Amino acid sequence: MSAGNEFTRTLVVEPLPHAGLTFAVDATPAERTALARRLDLLALDRLAASGWIRRGEARGSVVVEGRLEAAVTQACVVSLAPVPASLAFDFRRLFVAAAPAAGPTGREVVVDPVADEPEPLPGREIDIGEVVAEELALALDPYPRAPECEPSGEPDRAAAGAAPRQLV
């Protein structure tokens, strides 16, 4: 997470209070406009999130959990018509304090595909605004389609210039 993001809400998490922290963020119109530009959206009419930050199970880890709500408008991948969508979902991120890099140990590395993949905690702070922006980016439909552009199942061969199929 870098400084100068469109939607920045920094919270100090080191030291983290024993009870953890709660957060509630709501993007301003100017932040939504800048973030819409970054995410290639036609509009971002609402972006809000709330949740909590607590210590993780592993030493030096921090868990961010919350709920994100957004109203977005994307361009249809076929017609470029506006495709509005409302998003509301829970998210979870795990951060771990950066440890000094160690050389190869020759030991086997076990990867659990279901476990949280920790992200480095670069310092004493987490930018909740950037976490929310990243979660929004991941939740966007990669191929938004306007209702009139939804595939109907059978391709329109005549419109594509192909000869009609003949049964023999």
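Treat the numbers as computed from the prediction; the structure is a model and nothing was measured. Any value given below was found using the heavy atoms of this structure, including those in side chains, with hydrogens, waters and symmetry copies removed.
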Show the nearest heavy-atom pair for residues [X] and [Y], with the distance to one decimal.
X      : Y      : result
Ala81  : Glu148 : CB-OE2, 4.2 Å
Tyr143 : Val77  : CA-CG1, 3.8 Å
Ala70  : Leu44  : CB-CD1, 4.5 Å
Asp26  : Arg9   : O-NH2, 3.4 Å
Val78  : Arg145 : CG2-NH1, 3.2 Å
Val63  : Arg92  : CG1-NH1, 3.3 Å

Do any N or O atoms from the side chain of Glu135 and from the backbone of Phe91 form a donor-acceptor pair under 3.5 angstrom?
no
Look at the side chain of Arg46 and the backbone N and O of Glu69, then say whether any donor-acceptor pair between them is shorter than 3.5 Å.
no
Which pairs pass side chain to side chain donor-acceptor pair (under 3.5 Å) with one or both residues in residues 75-91, sequence neighbours excluded?
Arg67-Asp90
From CA spacing to verdict: side-chain contact (heavy atoms from CB on, under 4.5 Å), Thr33, Thr28:
CA-CA 9 Å; Thr33 298; Thr28 66; over 6 Å; no
Drop me the distance from [X]'s [atom1] to [Y]'s [atom2], to the nearest 0.5 angstrom.
X      : Y      : atom1 : atom2 : value
Glu65  : Arg93  : CD    : CZ    : 12.5 Å
Leu136 : Arg32  : CG    : CZ    : 12.0 Å
Leu41  : Leu140 : CG    : CG    : 5.5 Å
Asn5   : Glu31  : CG    : CD    : 11.0 Å
Leu11  : Leu21  : CG    : CG    : 6.5 Å
Phe89  : Leu138 : CZ    : CG    : 8.0 Å

Among the clusters formed by ILVMFWY side chains lying less than 4.5 Å apart, do [X] and [Y] turn up in the same one?
X     : Y      : result
Val25 : Leu47  : yes
Val13 : Val132 : yes
Leu16 : Ile128 : yes
Leu39 : Val72  : yes

